Amino acid sequence: MLKQYKANTAISVSVLLKSGKSLHVSFTPLSNGTSVFSTTDEDVQRALEAHYRFGTLFREVEVVPAAVPQAVKPAAVEKKPEDDLKHVTVSDLGMAKEWLAVNMGVSRTQLRGRTAILAAAVQNNVVFDGLE
């Protein structure tokens with residue numbers, strides 16, 4: 001399940017994972033001065049929600065249920081190029097980046113800007129609805 005966390009400023013925090021390892025979490029800054037972080041990793045979610053500043057410095061804002069796999073189309077149906085496009089609704093570039101990393105296996109280091117995120121989406125036949 002994808003969870004999104006939001007802060008009123010651009011922040012990064014260190015959290016302690018269940019395994020005992022420390023993880024540095026950087027929130028993605030938005031144009032309105034806030035920042036967001038999205039993850040499907042339950043260990044990271046637990047660590048963020050156990051952080052001593054959870055609820056004051058940052059908070060959970062959205063929970064998106066995991067996508068249900070879609071049925072495979074029969075081979076007899078002729079495919080059009082637009083049939084291969086997957087439409088994904090996102091609210092910002094941070095969610096688009098996280099979706100590409102989690103669902104398409106694109107390295108987050110390759111997704112450093114709007115152009116790179118949109119290019120990776122095109123390469124993976126994805127269209128992000130909600131980005132302007």
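Treat the numbers as computed from the prediction; the structure is a model and nothing was measured.
Within 6.0 Å of CD on Glu60 lie more than 12 heavy atoms contributed by other residues, nucleotides or ligands.
Side-chain contact between Met104 and Trp99 is present, with heavy atoms from C-beta onward closer than 4.5 Å. Within the 4.5 Å cutoff, the side chain of Asn8 has no heavy atoms near those of the Phe58 side chain. Between Val88 and Val127 there is no side-chain heavy-atom pair separated by less than 4.5 Å. Proximity of Leu57 to Ile11: side-chain heavy atoms (C-beta onward) are separated by under 4.5 Å at one or more points. Counting only heavy atoms from C-beta outward, the side chains of Lys3 and Glu49 approach each other to under 4.5 Å. Side-chain contact between Asp129 and Val90 is absent, with no heavy atoms from C-beta onward closer than 4.5 Å.
For Gln123, the side-chain hydrogen bond (donor to acceptor under 3.5 Å, both in side chains) test picks out no residue, with sequence neighbours left out. Taking Asp41 as the reference, nothing meets the salt bridge (Lys or Arg N to Asp or Glu O under 4.0 Å) condition, with sequence neighbours excluded. Partners of Thr109 according to the side-chain contact (heavy atoms from CB on, under 4.5 Å) rule, which considers only residues two or more places apart in sequence or in another chain, are Ser107, Arg112. Annotation: salt bridge (Lys or Arg N to Asp or Glu O under 4.0 Å) contacts of Arg108 (sequence neighbours excluded): Glu98.
When hydrophobic residues (I, L, V, M, F, W, Y) are linked wherever their side-chain heavy atoms come within less than 4.5 Å, Tyr52 remains an isolated member.
Inspection of the Tyr5 and Gln45 side chains reveals no N or O donor paired with an N or O acceptor under 3.5 Å.
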For residues 15-37, dump all side-chain donor-acceptor pairs below 3.5 Å to protein atoms at least two apart in sequence or in another chain.
from: His24; atom 1: NE2; to: Ser12; atom 2: OG; distance (Å): 3.4
from: Asn32; atom 1: OD1; to: Thr34; atom 2: N; distance (Å): 3.1
from: Asn32; atom 1: OD1; to: Thr34; atom 2: OG1; distance (Å): 2.6
from: Ser35; atom 1: OG; to: Thr9; atom 2: O; distance (Å): 2.6

